[in-house]
Amino acid sequence: MTGESQKVTFNLSPEDLSFTRKDMTWGQEKGEYKLWIGRDSNANLEASFTIK
């Protein structure tokens, strides 16, 4: 329904955020990450988190 809202919470593990880095090691990188939530690439609902 249009105009309806809900709070959604989920947990991400370090493994969920891992990828093959430029030096070919597996892991995550420190920094700020942004998420866009929506049905397609025009999503405008944004959240962010930081890996320290």
Side-chain angles (χ1 to χ4, degrees):
M1 290 184 158
T2 303
E4 184 177 327
S5 66
Q6 293 182 347
K7 181 177 181 176
V8 177
T9 303
F10 56 95
N11 296 311
L12 298 171
S13 71
E15 186 68 21
D16 293 329
L17 301 170
S18 295
F19 58 95
T20 303
R21 298 180 285 210
K22 188 175 181 179
D23 66 1
M24 300 307 289
T25 61
W26 180 255
Q28 59 285 124
E29 293 188 350
K30 296 178 183 179
E32 184 174 343
Y33 291 80
K34 291 186 178 184
L35 304 172
W36 285 271
I37 298 118
R39 294 181 180 175
D40 57 33
S41 61
N42 294 317
N44 60 7
L45 183 57
E46 183 181 319
S48 63
F49 62 94
T50 302
I51 297 177
K52 297 181 180 182

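Both backbone and side-chain heavy atoms feed into the values below; hydrogens, waters and symmetry mates do not.
- Closest of all the heavy-atom pairs between Asp16 and Asn11 is OD2-O, 4.2 Å.
- Placement of Met24 and Phe19 in two distinct hydrophobic clusters is found when ILVMFWY residues are connected by side-chain heavy-atom separations under 4.5 Å, directly or transitively.
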For residues 26-41, tabulate all N or O donor-acceptor pairs below 3.5 Å that involve a side-chain atom, not counting sequence neighbours.
residue : atom : partner : partner atom : Å
Trp26   : NE1  : Glu15   : OE2          : 3.3
Gln28   : NE2  : Pro14   : O            : 2.8
Gln28   : NE2  : Ser18   : OG           : 3.4
Tyr33   : OH   : Glu29   : O            : 2.7
Trp36   : NE1  : Glu46   : OE1          : 3.2
Asp40   : OD1  : Asn42   : N            : 2.8

